[in-house]
Amino acid sequence: MSGFPDDIPFFDEDEPAPTPPAAQKPSGIAARAMAARTGGPDTRYLDALNPEQRLAVETTEGPVLVLAGAGTGKTRVLTTRIAHILASGRAYPSQILAVTFTNKAAREMKVRIGTLVGEAIEGMPWLGTFHSIGVKILRKHAELAGLKSSFTILDTDDQIRLIKQIIQAEGLDDKRWPPRQFAQMIDGWKNKGLAPKEIPEGDARAFANGKGRELYTAYQNRLKTLNAVDFGDLLCHPIRILRDHPDVLADYHRRFKYILVDEYQDTNTAQYMWLRLLAQRPRSTEPVNICCVGDDDQSIYGWRGAEVDNILRFEKDFPGAAVIRLERNYRSTKHILGAASHLIANNEGRLGKTLFTEHSDPDDPKVKVHAAWDSEEEARAVGEEIEALQSKGHALNDIAILVRASFQMREFEDRFVTLGLNYRVIGGPRFYERLEIRDAMAYFRIVAQAADDLAFERIVNVPKRGLGEASVRQIHDVSRMREATLLQAARDLVGTEEMKPKPRASLRTLVENIERWQSMLDRTPHTELAEMILEESGYTEMWKNDRSAEAPGRLENLKELIRSMEEYESLRGFLEHVALVMDAERHEELDAVSLMTLHSAKGLEFPTVFLPGWEEGLFPHQRALDEGGRSGLEEERRLAYVGLTRAKKNLHLWFASNRRIHGLWQSTIPSRFLDELPEAHVDVAEESNSYGGYSVGQPGRPNPYGKSRFDDQSVFSNSYATPGWQRAQKNRTDATARNWGNRSGHQVERIGYGEADSGYGAGRGSVKGRVIEGELVARSVSEKPSTFKVGDRVFHMKFGNGNVSAIEGNKLTIDFDKAGQKRVLEGFVKPA
DNA sequence: CCGTGGGGGGTCTAG
DNA sequence: CCCCCCACGG
């Protein structure tokens, strides 16, 4: 039995009242509208806009594409546009569909619309992320997807465990066919909106000896019996429902008078299909009032299926669309904008925008480029710089460090801990991904949704109650035999003699507890119930008895969990929230440096920004280059652009000549992106003392060069002429050349992070002049026909013999007899 | 049934 | 290097 009543009204409570907005209770917009009765409509909110922004706000009818560069007031336009639609009486709040990508963006929009129009935001039920709106649609029409409206949303962890079970059930070796990899494939298919029967034959064959499609089907079936969906389904199910049920679609067409999309450049194919379905009006000449806002230069989610193409072809998709460019930047100095614009100009395939600022101060500092010996040095120097700023009264809240990869954060954290400098990690290990939170949530889930077998499995022996693998298998057997949920199976099992007395008694207690909690669900305040569950299950007890260092923190987190439940009206609402959201705890009041990845920095701004790790292989990231070729490089460049444009005033770029990657110290080359910065806006910083702190050949850190290449740098002043810089340049060119050499057929392979030769090792051979990176990477995606074909028997130096199972450009997917499935470059295999 | 240690593999990045 | 998984022994 589901714990959720199926008749909760999530949908109809927001039907517009039969009276026009101006006649509603005099609050919020209505108040404004009424106040305006005497003298025309109150449109003071328009006064804060520049002409382009104002055009974007007032062009309410028909399709509109707003190309909004970084810092040009994109959010202001979106929120003001909504406010304008509301205040001018064009639509009710519930008739506006506004989608964002992140919960943070959705939250921010709600707040800002709130300040514009008053407190009427309760009535914006369709403002949210693609996923949260997907949930809403799916809950309403769950039965059309073969689900009950109480379905649970699995997170990545659950998803992988489920896939693992399915792979094992097929009798396959989950070592050879990693569930994780398959989960990514499924994700990829769902990003394209593909059901099992729609996936390309090649894809289907690429996994588990051709069982890809079968496994995908089995996975979907399993989800259905679990009454569960994964993230991808939150888009795919609604698409199918809207596509297959014209009456339902027509309903939404009537409902949504205006559609707004934030970050349109990040939409994937499924999201695009979803939007098209809702925006298209087949039997009507009425214009489609869709407004997409985005910036092709800030498209940084290609790796998870985003199609920049969606924004590039907007005008084709929506004929007669108005395209409005916002290029007036309010955020950054001219140096920062100059650097960013110059860098991004290296990309092809842009819609083209040039940011400018009218604000210019001769005292504005140029962008500074710094060199460090290694990553520890980098962290130390940045720490010192921040301390210096702090002592000059600079708020830590105004400082951010943006890294390419999360492993870079650790050194900064370590450093800040020793310095006693406050910092906060944004988007770090997420609150709800923590062990104790996931456990607690599993308890809540099984109570709210009895069919949630994954939740049951997770907690059946947590805390330890003597129900080990043997008992769990017994429960599983019964469940399969009776086609019942694990909980039902467990209930059946305790009534028999099949289990030994001890596990049976403890299973009985558990089942009875769960049933009792379930029966209380509707009549007990949910926070109270949640506390009760954690107490009576022995879960909090378990951590109280745990003497490890983390235990107190975990208890604290559990308290925090209960506390955060108070904001929600029911356990159900809360579970949904957690499945979709739950960013880490925010301590806004604390003055602290922000530490995050470049990806999570999009949309933010800080007066002072540090961008460490500008080295080849890290930024641009090797994997992006290997897997994405030229377009991968361009995406990395856009990421760099995003990073640069986060800064308002002070911008510091760093590279370290040595970095530890998976435990090994490797020497590195400055990022090619540093070369793409305009000298007019950049200073190479002279470090007064940052090299004094380490000594050459310090224990535990062998110095491959004997003497630091930067030892004598400080003799020279700010210029690209320092020997360190020049040597770094030379080093870079040489090594790029070596990579080039390698790629055309020598030892290097970069499958995962393994032991593969870094490619930056001993030099050999050289190519004169500067290697143009575009051509270098373009090779790996060239579509020239492979010399191999599917089914060929091949030999690889490292992995041995195998069969080609898929070909993509010059990359082959090969099922090796011993090593399993790998993707390798064609140059590394020869016919067997 | 549960804890430990060896071995192998590998997280860039949302929801 | 670090984490996860599995085999093994108590």
Side-chain angles (χ1 to χ4, degrees), chain A residues 99-106 128-135 153-157 159-161 164 174-176 178-181 183-184 187 190-191 229-235 263 266-268 270-271 300-306 402-410 426-430 432-433 461 463-472 500 502-503 506 576-583 596-603 613 617-628 632 635-636 638-639 642 660-666 750-756 819-820 822:
Chain A
V99 277
T100 63
F101 271 82
T102 63
N103 290 294
K104 203 171 70 184
T129 63
F130 276 101
H131 289 90
S132 66
I133 290 170
V135 176
I153 303 162
L154 302 188
D155 60 30
T156 318
D157 233 59
Q159 192 190 4
I160 286 172
R161 284 185 322 150
K164 189 174 173 182
D174 65 336
K175 277 280 153 57
R176 200 174 149 178
R180 202 182 186 88
Q181 193 192 339
Q184 277 166 10
D187 248 24
K190 290 190 176 175
N191 282 340
V229 299
D230 63 18
F231 277 116
D233 287 338
L234 296 181
L235 291 172
E263 308 280 15
D266 288 337
T267 48
N268 62 34
Q271 286 155 342
I300 55 175
Y301 286 110
W303 52 270
R304 65 180 208 218
L402 314 180
V403 297
R404 175 63 184 85
S406 53
F407 76 84
Q408 290 173 265
M409 293 202 255
R410 237 191 73 190
I426 295 180
R430 308 188 147 269
Y432 66 85
E433 279 167 9
N461 201 28
K464 303 262 185 283
R465 39 174 83 90
L467 299 167
E469 202 194 329
S471 314
V472 172
K500 298 209 185 86
K502 241 168 104 183
S506 103
E576 182 155 310
H577 164 77
V578 172
L580 290 169
V581 214
M582 205 89 166
D583 312 54
M596 70 193 94
T597 63
L598 287 163
H599 281 92
S600 48
K602 189 158 84 154
L618 177 59
F619 196 26
H621 200 281
Q622 192 60 47
R623 198 160 140 179
L625 262 33
D626 288 347
E627 290 174 9
E635 181 156 314
E636 293 289 292
R638 291 194 292 265
L639 194 51
V642 167
R660 184 163 44 191
I661 294 172
H662 293 114
L664 295 170
W665 281 100
Q666 303 201 355
R750 293 179 189 283
I751 301 134
Y753 284 76
E755 64 288 70
K822 309 268 183 205

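Protein chains get the first letters and strands the later ones, always in sequence-line order, with residue 1 at the start of each. Heavy atoms only: backbone and side chains are in, while hydrogens, waters and symmetry mates are out.
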For the pair made of CD1 in Ile300(A) and P in dT13(B), what is the distance, rounded to whole Å?
12 Å
By salt bridge (charged side-chain N to carboxylate O under 4.0 Å, His left out) - contacts of Asp187(A) (at least two apart):
none
Quick one: list whatever passes ring-ring contact (aromatic ring centres under 6.0 Å, His included) with Tyr301(A), sequence neighbours left out.
Trp303(A), His599(A)
Walk along DNA chain C from 5' to 3' and tell me the first and last nucleotide with an atom closer than 4.0 Å to a non-hydrogen atom of chain A.
dC1(C) to dC6(C)
Whole-Å P distance, dC4(C) and dT13(B)
15 Å
Mind checking what makes side chain to side chain contact (heavy atoms under 4.5 Å, CB included) contact with Pro503(A), not counting sequence neighbours?
Leu467(A), Ser471(A), Met499(A), Lys500(A)
Among the candidates dA14(B), dG15(B), dC12(B), find the nucleotide nearest to the side-chain atoms of Arg623(A).
dC12(B)
Between atom CG in Asp266(A) and atom P in dG15(B), what is the gap in whole Å?
12 Å
Sequence neighbours excluded, which residues qualify as side chain to side chain contact (heavy atoms under 4.5 Å, CB included) partners of Arg161(A)?
Asp158(A), Leu454(A), Arg458(A)
Euclidean distance, atom CG of residue Leu154(A) to atom P of dA14(B) [Å, nearest integer]:
19 Å
With the sugar-phosphate defined as primed atoms, P, OP1 and OP2, and the base as all remaining atoms, what B/S/- string results for nucleotides 1-9 of chain B, 5' to 3', for protein heavy atoms under 4.0 Å?
SSS------
Check the distance between dA14(B)'s P and Asp230(A)'s CG and give it to me in whole angstrom.
17 Å
Could you measure the distance from the CG atom of Asp266(A) to the CZ atom of Phe130(A)? Nearest 0.5 Å is fine.
9.5 Å
The side chain to side chain donor-acceptor pair (under 3.5 Å) partners of Thr100(A) (sequence neighbours excluded) come to none
For Ser406(A), which residues count as a side chain to side chain donor-acceptor pair (under 3.5 Å) partner, sequence neighbours excluded?
none
For Gln184(A) and dA14(B), give me the distance from atom CD to atom C1', rounded to whole Å.
14 Å
Distance, nearest 0.5 Å, that separates CG of Asn103(A) from OG1 of Thr129(A):
5.0 Å
To the nearest Å, how far apart are Phe407(A) CZ and dT11(B) C1'?
11 Å
Using the test side chain to side chain donor-acceptor pair (under 3.5 Å), find all partners of Gln408(A) that sit at least two apart in sequence or belong to another chain.
none
Please confirm whether the shortest side-chain N or O distance from Arg180(A) to OP1 or OP2 of dT11(B) is below 4.0 Å.
yes
Does dC12(B) have His621(A) stacked on its base, where the ring centres are within less than 5.5 Å and the planes differ by under 30°?
yes
Between dA14(B) atom P and Met596(A) atom CE, what is the distance in whole Å?
12 Å
To the nearest angstrom, how far is Asp187(A) atom CG from dT11(B) atom P?
14 Å
